[in-house]
Undergrad: 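First, the structure itself, so that you have it in front of you.
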Amino acid sequence: MDRRRWQDHSAFIIGVWLIASPWALGSFSPDSVPLGVDAWNVLVCGIAVAILSAAAFASYRLWEEWGNLLIGIWLVVSPWMLQNAERPLFVWNAVICGLFLMVLGISVLRNAKAREAL
């Protein structure tokens, strides 16, 4: 087993949360059609993170970590890039999940670089 498995599991959990968060935070309801950009953003990012993390379970390459790192960066800046920062709950959700993904990705990439140096 690879030593970075805990980061992959953590990223997968974040991806599942991102998928569920539009429902958990109340964005998807019968009277909220069409769906907001903020809800679609976290939903699509969550699906991508879950797929990348699931791929990391079977593959021991670093491209999945780079993908999660880039998605994390996007999540942190997306409320302002999409000009949709008027819903604080979704802003905080995106920023916190994005920061967690960035920390997880950086920790794996840093550990991989340290192992190469040995």
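Note: hydrogens, waters and symmetry copies are ignored here, and every other heavy atom, side chains too, is used.
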Undergrad: If you take all heavy atoms of Gln7 and Ser107, which pair is closest and at what distance?
TA: NE2-OG, 3.2 Å
Undergrad: Working to the nearest 0.5 angstrom, can you tell me the gap between Trp40 CH2 and Leu82 CG?
TA: 14.0 Å
Undergrad: Quick one: closest heavy-atom pair of Ala50 and Ile19, and the distance?
TA: CB-CD1, 4.2 Å
Undergrad: Would you kindly confirm whether Trp66 and Val103 end up in one hydrophobic cluster when ILVMFWY residues are joined by side chain heavy atoms under 4.5 Å apart?
TA: no
Undergrad: Can you name the nearest heavy-atom pair linking Cys45 to Leu18, along with the distance?
TA: C-CD1, 4.5 Å
Undergrad: Kindly compute the distance separating CD (Glu65) from OG (Ser53), expressed to the nearest 0.5 Å.
TA: 7.5 Å
Undergrad: Taking only residues two or more places apart in sequence, or in another chain, which ones meet Phe12 in a ring pair (Phe, Tyr, Trp, His ring centres under 6.0 Å)?
TA: Phe57
Undergrad: Tell me the closest heavy-atom pair linking Leu75 and Leu101, and the distance in Å.
TA: CD1-CD1, 3.9 Å
Undergrad: What are the two closest non-hydrogen atoms of Pro22 and Phe90, and how far apart are they?
TA: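 Answer, listing the atom of Pro22 first, then Phe90: CA-CZ, 4.0 Å.
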Undergrad: So which atom in Ala11 and which in Val49 form the shortest heavy-atom distance, rounded to 0.1 Å?
TA: O-CG1, 3.2 Å
Undergrad: From Asn68 CG over to Ile106 CD1, what is the distance, rounded to the nearest 0.5 angstrom?
TA: 12.0 Å
Undergrad: Any link between Phe100 and Val44 through a network of hydrophobic side chains (Ile, Leu, Val, Met, Phe, Trp, Tyr) touching at under 4.5 Å?
TA: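 Different clusters: Phe100 never reaches Val44 through Ile, Leu, Val, Met, Phe, Trp or Tyr contacts under 4.5 Å.
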